[in-house]
There are 2 protein chains.
Amino acid sequence: MLDVRQLRTLRALADHGTVSAAAEALYLTPSAVSQQLAVLSKSTGCELLERRGRNVVLTEAARVLVTHADVVFAQLERAQSELRAISPVPMTVRIAGFPTAIMAVVAPAMRVLRDAHPEWGFEVADTESEDSVAHLIDGSVDVAVVMAAPNRPLLGDPRIKILPLLEEIYHAALPAGHRLAGAEHVSLTDLVQEPFVLAAEGLSCHDQVTAICADAGFQPRGRYRATDFGAVLALIANGFGVTLLPTLGVPLQVPEGVVLLPLKEDWPRRVSLIAVRSGAEYPEVIAALTAAAAKLVP
Amino acid sequence: MLDVRQLRTLRALADHGTVSAAAEALYLTPSAVSQQLAVLSKSTGCELLERRGRNVVLTEAARVLVTHADVVFAQLERAQSELRAISPVPMTVRIAGFPTAIMAVVAPAMRVLRDAHPEWGFEVADTESEDSVAHLIDGSVDVAVVMAAPNRPLLGDPRIKILPLLEEIYHAALPAGHRLAGAEHVSLTDLVQEPFVLAAEGLSCHDQVTAICADAGFQPRGRYRATDFGAVLALIANGFGVTLLPTLGVPLQVPEGVVLLPLKEDWPRRVSLIAVRSGAEYPEVIAALTAAAAKLVP
DNA sequence: TCAGATCATTCAGTTCAGCTTAACGGTTTC
DNA sequence: GAAACCGTTAAGCTGAACTGAATGATCTGA
């Protein structure tokens, strides 16, 4: 019978592309990965790897096997998930999310869950969405709140189940005395010449704002950088520029000297998703997150 | 993550009822089984066994786990089955069947398969249906041709997939000079006083005939026993009694001195089934068996 | 064009998970 | 009440699976 450990190794190879990378992900040496796959190949009677230069690629047989393996993994998750619900050992939920989601959605949801299940343990990780999904797959996190993005291939992975969470619109944050501050709403085209206060490069908030501006046909000028929204707003309050804030980024108390106006356009939207491992779907956690999101964006 | 080997052990315990019996089935010591299940219990956080006197019984959690495990096993079978089809290593099909089925159905079907796939290997086991199913489950056989019977619980096992094969009627075999030998057909009630030539006790043919007679309200009298149909018919030809033969038991050449007459009643029927492991369904083999059966009983 | 870097595999040596053996306590049976 | 049986535990051992070093093949950049 097929060995699930070997299937897991094959899966890691499919994920990471090279034996070395798979080995690293599994905390093994390349040697061990190579040996495991050799045994698997022998036990199935199929060639699974094909050398392509100094690398290897999966054969058709290996791809078929990976597809089946994913179903097995999901079923094992499902079993474990159901047992966790039966088990007297208190459950520990490990949640990953991007910073604003944790503030606005995860934390309130966890409060509800803690009140309902005081014995549960909670772990929260503040990670960018790519990392969240990777942690989901390697099992170090159970539920992830991630942002939808076109270039996020892992969200199509069969091992991951995706559920919609919320959709945010953006607001423009302006200094109180700004020429546009009196309007009902602001158009992106109004902001072409404005100096922007942006998040640090590499953070998703930075990428999002620049992407939105790029879609609108300009590149945001901005000499000021700050890592969190509080700092960004403080800079804006003092007249250093403007920025775009997604709904979750709007703090409960808008600081003095900052005006938030909805965008005239309705297309720059930020879609957040819940991601869980297929089979291990934590229905209560999902329900709590969804409820918390519904309170913010009904 | 759950260990499939441990799940298999739990399954064996569920099958065999006791740790000792499960151990024997797995070619392990009871100690090993106990230890595996202890580890599984710890890793799930659930009690899986409950002592009941000097035995153990599965808890609810364990039963849930077994249900999930069966799905995993089937999926692993499915993967292996698909790879076998891709593999360049020639397939070996291991078929078990009861004696008459092998003669009448399995052998002709295998001939067709061998002509289509000269490189395939074949192994045939002549076993009673209970054993066939057991071998199917323990993996030592791939396809089994078995008889349906009310007291055959394993046919409801989720690890086994059942397909209809054929339905036989019975014939009465009489000596040529017998008082009933001239009739169109014979009723069971005509045979109440007749001496029967039966198969050896313990063989399914014996049980079937006595069961049919019991249903008709009498116990077959019979001092003569023989293990195979040829011998039975030879005894009948020499006037030692009568018997009931299912269609597959009717040899191509009815020996001189024996008359076969259809039964007037249509209810003593023998239903044969194909059994395969869920997931490993050998479609070509099934097709060949079904085709061979259709030739016999259109 | 060649040296150095990278990658997968092989082989020998080692380690530890998981087995067996042996001993024990509880339960049933005669 | 002794003997048989069953499951669990403890101790020790074995082999499957890992590591590490060596090899060959390939790619890259100077």
Side-chain angles (χ1 to χ4, degrees), chain A residues 1-63 65-66 69 76 80 138-139, chain B residues 1-63 65-66 69 76 80 138-139:
Chain A
M1 169 93 5
L2 293 168
D3 178 11
V4 172
R5 157 189 285 263
Q6 290 164 5
L7 294 181
R8 223 169 267 289
T9 300
L10 181 64
R11 205 351 154 170
L13 179 61
D15 283 340
H16 297 94
T18 69
V19 171
S20 305
E24 193 179 2
L26 297 167
Y27 302 103
L28 291 175
T29 58
S31 173
V33 170
S34 181
Q35 289 176 56
Q36 275 196 39
L37 295 176
V39 172
L40 183 61
S41 175
K42 198 161 194 180
S43 77
T44 56
C46 296
E47 291 298 324
L48 298 174
L49 306 184
E50 199 175 294
R51 286 210 77 134
R52 202 48 74 72
R54 63 183 171 186
N55 296 333
V56 289
V57 294
L58 300 198
T59 62
E60 179 58 27
R63 284 195 296 273
L65 196 49
V66 167
L76 287 171
Q80 207 164 26
D138 75 25
Chain B
M1 170 93 5
L2 291 168
D3 178 11
V4 172
R5 158 188 284 263
Q6 290 163 7
L7 293 181
R8 224 169 267 288
T9 302
L10 180 64
R11 205 353 153 170
L13 178 60
D15 283 341
H16 297 93
T18 69
V19 171
S20 305
E24 193 179 1
L26 296 167
Y27 302 102
L28 291 175
T29 58
S31 172
V33 170
S34 181
Q35 289 176 54
Q36 276 196 38
L37 295 175
V39 172
L40 183 61
S41 175
K42 197 162 193 180
S43 77
T44 56
C46 295
E47 291 298 327
L48 297 174
L49 306 183
E50 199 174 295
R51 285 211 78 134
R52 202 50 72 73
R54 63 183 171 186
N55 297 333
V56 290
V57 294
L58 301 197
T59 62
E60 180 58 28
R63 283 195 296 273
L65 196 49
V66 167
L76 287 170
Q80 208 165 25
D138 76 24

note = Taken to the nearest whole Å, OH/A/Y27 to C1'/C/dC16 is 20 Å

ask   = Atom CD of A/Q6 to atom C1' of D/dA16: distance rounded to whole Å?
value = 11 Å

message = OP1 or OP2 of C/dG4 versus the side-chain N and O atoms of A/R54: is any pair under 4.0 Å?
response = no

inquiry  = Regarding A/E24 and A/S20, do their side chains bring together a donor and an acceptor under 3.5 Å, going by distance alone?
reply    = no

task = Find the distance A/R52:CZ to D/dA25:P and express it as a whole number of Å.
result = 18 Å

task = Take the protein atom CG of A/N55 and the nucleotide atom C1' of D/dA25, then report the distance between them rounded to whole Å.
result = 12 Å

task = Would you kindly check whether a donor in the side chain of B/S31 faces an acceptor in the base of D/dT9, or vice versa, at under 3.5 angstrom?
result = yes

request  = Please report, rounded to the nearest Å, how far the C1' atom of C/dC24 is from the CZ atom of B/R51.
outcome  = 12 Å

inquiry  = What verdict does the side chain to side chain donor-acceptor pair (under 3.5 Å) test give for B/E47 and B/T59, after you've listed the backbone C-alpha separation in whole Å, the side-chain angles of each residue and the deciding distance to 0.1 Å?
reply    = CA-CA 7 Å; B/E47 291 298 327; B/T59 62; over 6 Å; no

message = I want to confirm an ordering. Mapping A/G53 and B/L37 to their closest nucleotides on DNA chain D, which one lands closer to the 5' end?
response = B/L37

request  = To the nearest Å, give me how far apart CG (B/L48) and P (D/dT8) are.
outcome  = 11 Å

remark   = Of A/V33 and B/V56, the one whose closest nucleotide on DNA chain D sits nearer the 5' end is B/V56

Sugar-phosphate only, base, or nothing, as touched by A/T18 at under 4.0 Å among non-hydrogen atoms = sugar-phosphate

ask   = What's the CG-P distance between B/D3 and D/dA16, to the nearest Å?
value = 16 Å

request  = Give one of base, sugar-phosphate or nothing for B/Q35, where a contact means two heavy atoms less than 4.0 Å apart.
outcome  = base

Atom-to-atom span, CD of A/E47 to C1' of C/dT9 - whole angstrom = 14 Å

inquiry  = Would you say A/S34 places a side-chain N or O within less than 4.0 Å of OP1 or OP2 belonging to C/dA8?
reply    = no

key: B/L58 to B/R63 - nearest heavy-atom pair and separation   = O-NH1, 3.1 Å

query = Taking everything shown except B/R5 itself, do over 12 heavy atoms lie less than 6.0 Å from its CZ?
reply = no

task = Verify, without hydrogens or angle tests, whether A/S34 (side chain) and A/P30 (backbone) share a donor-acceptor contact under 3.5 angstrom.
result = no

message = Taking 4.0 Å as the cut-off, does a side-chain nitrogen or oxygen of A/S20 come that near to OP1 or OP2 on C/dA8?
response = yes

